[in-house]
Amino acid sequence: MTEKLTPARVRFAPSPTGFLHLGGLRTALFDWLYARHTGGQFILRIEDTDQKRYNPDSVEFLMRGLRWLGLDWDEGPDIGGPYAPYVQSERKPIYRQYAEQLVASGHAYKCYTPVEEWEEASPEEAEAEPVAGSRKPYDRRDRFVPAEQQAALEAQGRPYAIRFAAPLDGTTTVDDLLRGEITWKNNTLVDAVLLKTDGMPTYHLAMVVDDYLMKITHVLRGEEWLPSSPIHKLLFDAFGWPMPQMVHLPVILNPNGKGKMSKRKQVVDGKEYLALVHEFIEAGYLPEAVFNFLTNVGWNFDAEREVFTKEEAIARFELRDITPKPAALPYAKLEWLNGVYIRNLSPNELHLRLTPVLSKQLGIDEETLRHSEQLSELAPLIQERIKLLTEAAQFVDWAFVPAEAIQPEPKLLIDKKLNVEQTLAVLTAGIEVLMQTETFNVKTLEVAFRTQAEKMGIKVGPFLTSFRVAITGKTISPPLFESMVVLGRDETILRLRNAMKILQAYALQTV
RNA sequence: GCCACGUUCGUCUAGCGGUCAGGACAUCGCCCUCUCAAGGCGAAGAUCGCGGGUUCAAAUCCCGCACGUGGUACCA
C-alpha cells in the first residue's frame with residue numbers, strides 16, 4: 001500500500017446539454033477516485049462545442065451534482081487553473097490553429113461539400129433496403145481534388161470544414177487498460193470532421209488538443225467512445241503527441257438490462273427508476289450512499305464487503321480492477337444502502353438532513369423544524385424505519401398538526417381482534433391511566449398500559465392499536481409510548497377523546 | 001450491413017488451471033416484537049451463453065458460433 005504512485009491528471013469532460021445523468025456521475029466518480037488515489041488532479045472541463053444542443057443552465061447542474069457527491073475538482077471553469085480556460089468554446093482559436101497545422105502537414109484537408117449534398121441518396125441507394133441505424137459514410141470526395149481546383153475553391157472564399165485524412169490501409173491499435181490492445185483496419189475508418197464550418201472543433205479534435213495541452217495522463221470515458229478511439233490515436237500520432245492511457249468504462253444499462261440507460265425516468269413493471277442526479281437528491285438519497293453504491297458497480301471494493309467509506313475506496317481504487325462488462329444499476333441495493341447510511345447517522349445529523357425535506361413536505365419553515373423539539377425526539381425513532389429521507393414525513397406528520405386534523409376511519413381504530421365496545425372500553429381505561437400516571441415518560445407509560453391490558457384480558461398488540469391510530473391517524477407509526485411523550489399528556493388525551501367521539505358516532509350509526 | 005466490445009445465482013459481483021463456484025441485494029421461512037421497521041438465524045437460487053479443442057485437471061487458456069450492447073453525424 002505504500003507503493004509510490006505517479007500522480008495522475010484525470011479529467012471529467014461533460015457536454016452541457018441538460019441535467020447530470022447517473023452514468024455521467026459514475027464516470028466523474030471514477031475519474032475523481034483515481035486522481036485522489038494517485039494524489040493527482042481531477043479536472044473539470046466543459047465540452048460545449050455543439051451550439052445547437054447547448055443548455056446554459058447545464059454547467060450549474062453539473063457542478064451542483066458533483067459537489068453533492070463530494071467530488072471536488074482541482075482545476076475547472078469556476079476556479080481556473082494553469083491550463084485555463086476550461087470551457088472549450090472559450091478556446092476556439094486554439095483548435096483552428098491546430099487544425100490548420102494538420103492541413104499543412106497533410107494529415108487533414110479542407111472539405112467544401114456540405115453534408116446534405118453527399119448524404120443525398122442516389123437512385124439505386126433509394127431502392128435498397130435501408131439499414132437500421134446507419135448513415136451514408138462520407139465518400140472523401142474533397143480529399144483528392146486536383147491542386148488547381150483546390151486553389152480555385154480557396155480563392156472563392158467558400159466556407160469549409162476540416163477533415164482528418166485517415167490512412168487508407170494498414171491498421172491502428174489502441175491500448176485500452178481494461179481490454180488490452182484493440183486493432184482496427186484503417187480502411188474501416190472515416191475521414192472525421194475536425195473543425196466544423198462554424199469554426200468550432202468536433203469532439204475528436206478538441207479532446208485530443210485539450211488532453212495534450214492540459215497534460216492529461218488517463219482518459220476515462222464511456223464505452224461509446226471506443227469505436228472512435230482509433231481516430232484519436234491517429235490524431236495524437238499526427239501531432240506527434242503521446243496518447244494518454246485510455247480506459248473505456250462499461251456503459252450503464254437500463255433496469256431491464258436492455259439498452260444504454262436512458263436519460264429519463266423509466267417505468268419497469270410499475271416501478272419507477274430514476275436517472276438524473278437531481279432526482280435522486282429530491283427522492284431523499286444520501287450522497288454517501290450514492291457514492292458507495294456507484295463505486296460498487298463496475299468496480300468492487302472487496303469480495304466480502306459492500307459498505308465502505310470514501311477514504312477506504314480511495315485507498316483501494318485501481319483502474320485495472322474495473323470490469324469491462326456493462327451492467328444495470330441494482331436499484332434495490334441502493335435503497336438498502338441508503339437505509340444503512342441513514343441508520344449510521346447520528347440522530348442529530350439525521351434531524352438536520354430531514355429538515356429541508358420535511359419543510360417542503362409538511363409546509364413548515366426550515367428554521368422552525370431545525371429547532372423543533374418534537375423532531376429531535378422523533379428522529380431516532382424513525383431512523384431504522386426509513387430508507388429514504390422523503391419517507392420520514394409519513395411517520396412524523398401527525399406530530400406537527402393540531403388534534404382536529406387527526407380524523408381516522410373508525411374501522412382503523414378497532415383492532416381486528418376487538419369490537420367497538422371493547423375498543424371504547426380500552427380507550428376509556430387508557431385515558432384514565434394517562435391522567436393518573438405521575439411521571440409522563442416511556443417507562444411508566446409502558447408499565448401502566450401493559451398492566452391495564454392484562455387486567456382487561458387483552459393482548460398488548462390489539463390493546464394498543466386504537467391508541468396508535470387515535471394519536472397518529474394511522475396503523476403504522478413510531479413506537480407508541482415514545483410518540484405519546486412527544487405529544488405530551490394533554491395533547492395525547494385530547495386525541496384519545498376525539499377518537500372516542502368518532503367511535504361513538506360510528507357505534508350509533510351501525511346499530 | 002460493417003466495425004468493436006461484452007456474456008458467472010433474478011440483480012450487482014468474487015474468481016486469473018485443481019474452490020462443496022464465495023459475498024451482497026432482492027425473495028422465502030423461523031426467531032425477536034406495541035404497529036412498521038431494524039436485528040438474529042436459516043433456506044432456496046448459477047450444469048459459469050453454446051459447441052469444439054489444449055491439459056491429468058478449465059468458469060479460468062485457444063478457436064468457432066449464438067446472443068446482447070455500443071458505434072457507424074459538421075452530437076458528444
Side-chain angles (χ1 to χ4, degrees), chain A residues 13-17 47-50 52-53 111 113-115 119 128-138 159-163 174 176 178-179 182-185 188-190 192-198 200-204 206-207 221-230 248 250-251 253 255 257-260 293 296-307 323-337 339-340 343 381-387 394-395 415 446 449-450 453 459-465 467-469 472 474-481:
Chain A
S15 68
T17 55
E47 307 216 328
D48 58 342
T49 55
D50 185 356
K52 290 183 280 285
R53 295 200 308 154
C111 170
T113 312
V115 210
E119 245 189 4
E129 192 79 1
V131 180
S134 77
R135 291 188 183 213
K136 188 175 164 186
Y138 171 66
Y160 60 86
I162 293 180
R163 280 184 186 273
V174 174
D176 179 89
L178 309 180
R179 304 156 216 273
I182 306 165
T183 299
W184 283 264
K185 291 194 202 74
T188 64
L189 267 26
V190 295
V193 169
L194 301 179
L195 202 73
K196 306 181 219 177
T197 312
D198 67 3
M200 276 290 194
T202 58
Y203 172 85
H204 307 301
M207 170 255 153
R221 49 154 42 164
E223 194 184 0
E224 63 270 20
W225 290 109
L226 200 52
S228 52
S229 55
H248 290 96
V251 292
L253 269 22
K258 295 252 168 200
K260 194 159 80 152
F293 170 70
N296 244 349
V297 14
W299 183 80
N300 80 94
F301 179 79
D302 184 279
E304 315 275 296
R305 185 141 83 98
E306 304 261 340
V307 183
T323 38
K325 178 195 166 191
L329 294 177
Y331 283 82
K333 202 177 246 188
L334 172 59
E335 273 201 26
W336 163 76
L337 251 183
V340 170
R343 273 172 254 133
L381 301 178
I382 63 169
Q383 194 152 17
E384 60 198 23
R385 280 162 239 272
I386 59 172
K387 289 209 191 87
Q394 63 199 234
F395 279 106
D415 188 273
E446 172 140 26
F449 271 79
R450 282 182 187 280
K459 285 197 172 154
V460 198
F463 184 82
L464 295 179
T465 300
F467 296 100
R468 183 184 315 285
V469 176
T472 67
K474 22 193 129 183
T475 52
I476 296 173
S477 80
L480 220 216
F481 307 115

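Sequence lines set the chain letters: A, B, ... in the order given, protein chains first and strands last, and positions in each chain run from 1.
Of all nucleotides listed (B:A76, B:A26, B:U35), B:U35 comes nearest to the side chain of A:R468. Closest to the side chain of A:P227, out of B:G71, B:U13, B:A38, is B:G71. Listed nucleotides: B:A76, B:U35, B:G39. Nearest to the side chain of A:R343: B:G39. Of the candidates B:C12, B:U13, B:G70, B:C12 carries the atom nearest the A:K333 side chain, counting heavy atoms from C-beta on. Nearest to the side chain of A:R179, among B:C5, B:A76, B:U13, sits B:C5. Of the listed nucleotides (B:C75, B:U69, B:A26), B:U69 has the atom at the smallest distance from the side chain of A:V251. Residue A:L226 has its side chain nearest to B:C5 when only B:G22, B:C34, B:C5 are considered. Of the candidates B:C25, B:C75, B:C34, the closest approach to any side-chain atom of A:L464 belongs to B:C34. When the nucleotides B:A76, B:A14, B:U35 are ranked by their closest atom to the side chain of A:R385, B:U35 comes out on top. Side-chain proximity of A:I182 to the nucleotides B:A14, B:C3, B:C5 is greatest for B:C5.
A close approach under 4.0 Å does not occur between any side-chain nitrogen or oxygen of A:N296 and OP1 or OP2 of B:C12. Considering only side-chain N and O atoms, A:T202 lies nowhere under 4.0 angstrom from the phosphate OP1 or OP2 of B:A76. Using a 4.0 Å cut-off, no side-chain N or O of A:K325 falls inside it from OP1 or OP2 of B:C5. For B:C75, the OP1/OP2 oxygens have a side-chain nitrogen or oxygen of A:K196 closer than 4.0 Å. For the pair A:R53 and B:A76, the criterion of a side-chain N or O lying under 4.0 Å from OP1 or OP2 is not met. The shortest distance between the side-chain N/O atoms of A:K52 and the OP1/OP2 oxygens of B:A76 is not below 4.0 Å.
Formation of a donor-acceptor pair under 3.5 Å by the A:D48 side chain with backbone atoms of A:P16 is not found in this model. Listed for the A:D415 side chain is no donor-acceptor partner under 3.5 Å among the backbone atoms of A:L464. Side chain of A:S15 to backbone of A:T17: no donor-acceptor contact under 3.5 angstrom is found. The backbone N or O of A:G298 lies less than 3.5 Å from a partner atom in the side chain of A:T323, making a donor-acceptor pair.
No engagement by A:K459 is indicated, since no non-hydrogen atom pair under 4.0 Å with the nucleic acid exists. As judged by a 4.0 angstrom heavy-atom cut-off over every strand, A:S228 is placed among residues making no nucleic acid contact. In this structure, A:P478 reaches the bases: a heavy-atom distance under 4.0 Å links it to at least one base atom across the strands shown. Contacts of A:G298 with the nucleic acid, taken as non-hydrogen atoms under 4.0 Å apart, involve only primed sugar atoms and P, OP1 or OP2. Looking at heavy-atom distances under 4.0 Å, A:P326 makes contact with sugar-phosphate atoms alone, never a base. At the heavy-atom level, A:K185 lies nowhere under 4.0 Å from the strands shown. Contact annotation for A:E306: base contact, defined as any heavy-atom pair under 4.0 Å involving a base atom. As judged by a 4.0 angstrom heavy-atom cut-off over every strand, A:A161 is placed among the base-contacting residues. Note on A:L480: a base of the nucleic acid sits closer than 4.0 angstrom, heavy atoms only. Across all strands, A:G339 comes closer than 4.0 Å to no nucleic acid atom at all (heavy-atom distances).
Nucleotide B:G42: paired with B:C28 (Watson-Crick or G-U wobble, both distances less than 3.5 Å). Across all strands shown, B:G6 pairs with B:C67; the Watson-Crick or G-U wobble distances both stay below 3.5 Å. The partner of B:G1 is B:U72, by the rule that a Watson-Crick or G-U pair needs both atom distances under 3.5 Å. Figure legend. B:C61 is base-paired to B:G53; pairs are counted as Watson-Crick or G-U wobble with both atom distances under 3.5 Å. B:A21 makes up no base pair with any nucleotide shown, lacking Watson-Crick or G-U wobble contacts both under 3.5 Å.
Taking atom CE on A:M207 and atom C1' on B:A76, their separation rounds to 12 Å, with Å as the unit. Between the P atom of B:A76 and the CZ atom of A:R221 lies a distance of 13 Å, rounded to the nearest Å. In this structure, A:N300 atom CG and B:U13 atom C1' are separated by 6 Å, rounded to whole Å. Rounded to whole Å, the distance from NZ on A:K260 to P on B:C5 is 18 Å. Rounded to whole Å, atom P of B:C36 lies 11 Å from atom CG of A:D415. Between A:E224 atom CD and B:G71 atom P the separation is 6 Å, expressed in whole Å. Taking atom CD on A:E384 and atom C1' on B:U33, their separation rounds to 12 Å, with Å as the unit.
Checked by distance alone, A:T188 brings no side-chain donor or acceptor within 3.5 Å of a matching partner on the base of B:C2.
One finds a salt bridge joining A:R179 and A:D176 here, because a Lys/Arg side-chain nitrogen approaches an Asp/Glu carboxylate oxygen to under 4.0 Å.
Rounding to the nearest 0.5 Å gives a distance of 5.5 Å between CZ of A:R221 and OG of A:S228.
Heavy-atom nearest nucleotides on RNA chain B were determined for A:T475 and for A:T323, and the one closer to the 5' end corresponds to A:T323. RNA chain B is contacted by both A:L178 and A:D198; A:L178 maps to the nucleotide lying nearer its 5′ end (nearest heavy atom per residue).
Taking atom P on both nucleotides, B:U11 is separated from B:U19 by 26 Å, rounded to a whole Å. For the P atoms, the distance from B:G64 to B:C3 is 14 Å, rounded to whole Å. Annotation: B:G18 and B:C61 have their P atoms spaced 12 Å apart (nearest Å).
Between A:W299 and A:F301, the angle of the ring planes goes over 60°, which puts this pair in the perpendicular group of the 30/60° scheme.
Counting only heavy atoms from C-beta outward, the side chains of A:K260 and A:E223 never approach each other to under 4.5 Å.
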